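Note that this is a predicted model, so its numbers are computed, not measured. Start at 1 and go down the list; that is how both ligands and their atoms are numbered. Side-chain atoms are counted along with the backbone in the values below, which use heavy atoms only and exclude waters and symmetry mates.
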Amino acid sequence: MQKLRWRWLTALVLATGMVAVTACGDDDDKSSGSSTTAPARTFEAGTTMKKLQDAGTITIGVKFEVPPFGQKNPASGKVEGFDVDLGQAIADELGVKAKFVEALSDNRIPFLKDGTTDVILSTMTITAERDQEIDFSDPYFVAEGRILTKKSDDSIKGIDDLAGKKVCTALGSTYEATLKKQAPKATVRPVDGYSDCLELIQNGSVDAEATDDVILTGQIIQDDSLQLVGDKLTTEPYGAGIKEGDTEFLAFVNEVFATFKSDGRWAKSYEKWVGQYTGEDRDPPEMSLKEALDLST
Ligand code: GLU
């Protein structure tokens, strides 16, 4: 069953041109998102929600090359994925247009701090260290750290086999520390975006890639000569990042996410972007922010 789904997916991917994934710099996408409607709610003057309504737009940092969470579809030019659906839900609740910009792993916190984005929804793990600089929403997804290799390479079966090997991950990702700790003898090759890792593993410049299972799954979707190996390395609860100290906006985002989880939109989006391809059912995470933060301390 699983195999059939993967085959079907491969066909779909080829048909929609998802294979031609490239990093897009700081390109943005003005055409994405559904059409805006009149604000359904009113907010107090001075709140971020009111300011965003007055501006008519919310700027959301997502990945552009990480299907199925954030991907700029090369065929349509639209940005799409699970993180994009959540961002659109925030925009819809405010009644504003969602403008999606690319936020690479290493740009996410600077983008919030300098106001480039209002929210980050970019496969970002909630960690205590990051929480010192920005605020996190409640967890909206829980990924797992894994290793990706070529199927033809049987020399890597788990984390211990990474000693002496070249391993790719994204600059500014949690895996820089994870690899240092769990595979201290590996040579880590940090890159800007995960499509760079995909290219390096395909052309043999690195032996493996370490990151979240859902990101690696997106790459297997593009290239079925790749595989996941070994056990789970880490638990990676994803949170939306917002500017430190904006408690009203944080409460608003948490409220949008709680409704998104409870009214069936979470399950629908998960099935659309992940479940239908992997055959795996999942419920929205119940993990609290505190539990997520405690995982990294
Ligand atoms: N979730 C991990 C992180 O936030 C890895 C994925 C990514 O780099 O976006 O660092």
Side-chain angles (χ1 to χ4, degrees), residues 21 23-24 26 60-72 79 81-84 86-87 100-113 117 119-148 159 167-183 188-201 206 208-221 228 232-242 273-274 282 285 287 289 291-293 295-297:
V21 179
C24 302
D26 61 356
I60 302 166
V62 296
K63 291 274 171 26
F64 271 19
E65 31 119 43
V66 174
F69 271 67
Q71 140 97 342
K72 185 162 185 171
V79 185
F82 189 83
D83 278 339
V84 176
L86 276 167
F100 293 102
V101 299
E102 182 178 36
L104 296 166
S105 301
D106 207 34
N107 292 339
R108 296 176 290 199
I109 292 177
F111 275 10
L112 278 176
K113 287 185 145 183
T117 61
V119 182
I120 291 285
L121 276 160
S122 177
T123 62
M124 181 157 64
T125 300
I126 297 166
T127 70
E129 197 185 334
R130 291 172 178 167
D131 188 53
Q132 291 181 354
E133 295 189 76
I134 60 168
D135 282 342
F136 280 106
S137 71
D138 293 327
Y140 66 83
F141 191 83
V142 181
E144 291 181 355
R146 297 292 300 270
I147 300 165
L148 181 91
I159 188 81
V167 188
C168 188
T169 196
L171 194 67
S173 78
T174 47
Y175 293 90
E176 289 190 290
T178 300
L179 287 168
K180 218 175 258 172
K181 202 167 144 198
Q182 297 194 25
V188 179
R189 179 90 190 262
V191 295
D192 286 336
Y194 287 104
S195 61
D196 299 328
C197 278
L198 178 60
E199 212 179 300
L200 292 177
I201 198 165
V206 299
E209 176 181 353
T211 190
D212 300 336
D213 54 353
V214 281
I215 297 176
L216 298 175
T217 298
Q219 299 189 344
I220 296 171
I221 288 169
L228 295 179
K232 163 182 166 178
L233 308 178
T234 49
T235 302
E236 308 275 337
Y238 290 178
I242 70 159
W273 297 113
V274 187
R282 274 210 215 177
M287 189 186 285
L289 178 60
E291 285 168 316
L293 289 167
L295 279 174
S296 65
T297 51

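- With sequence neighbours excluded, no residue forms a salt bridge (charged side-chain N to carboxylate O under 4.0 Å, His left out) with D135.
- By the ring pair (Phe, Tyr, Trp, His ring centres under 6.0 Å) test, Y175 is found to be paired with no residue, residues two or more places apart in sequence or in another chain being considered.
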Could you go through ligand 1 and note, for every N or O atom, any protein N or O atom closer than 3.5 angstrom, writing the atom names and distance to 0.1 Å, or 'none'?
residue  : atom   : partner : partner atom : Å
ligand 1 : 1 (N)  : T123    : O            : 2.8
ligand 1 : 1 (N)  : T125    : OG1          : 2.7
ligand 1 : 1 (N)  : D212    : OD2          : 2.6
ligand 1 : 4 (O)  : R108    : NH1          : 3.3
ligand 1 : 4 (O)  : R108    : NH2          : 3.2
ligand 1 : 4 (O)  : T123    : O            : 3.2
ligand 1 : 4 (O)  : T125    : N            : 2.9
ligand 1 : 4 (O)  : R130    : NH1          : 2.9
ligand 1 : 8 (O)  : S105    : OG           : 2.6
ligand 1 : 8 (O)  : Y194    : OH           : 2.7
ligand 1 : 9 (O)  : K63     : NZ           : 2.5
ligand 1 : 9 (O)  : S105    : OG           : 3.3
ligand 1 : 9 (O)  : R108    : NH1          : 2.8
ligand 1 : 9 (O)  : T123    : O            : 3.3
ligand 1 : 9 (O)  : T123    : OG1          : 2.6
ligand 1 : 10 (O) : R108    : NH2          : 3.3
ligand 1 : 10 (O) : R130    : NH2          : 2.9
ligand 1 : 10 (O) : T174    : N            : 2.8
ligand 1 : 10 (O) : T174    : OG1          : 3.4

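- With salt bridges taken as basic N to acidic carboxylate O contacts below 4.0 Å, none links R108 and D83.
- Here K113 pairs with E133 under the salt bridge (charged side-chain N to carboxylate O under 4.0 Å, His left out) rule; sequence neighbours left out.
- Counted within 6.0 Å of CD on E199, heavy atoms from surrounding residues, nucleotides or ligands total 12 or fewer; the atom is thus considered open.
- At most 12 non-hydrogen atoms from other residues, nucleotides or ligands lie less than 6.0 angstrom from CZ of R189.
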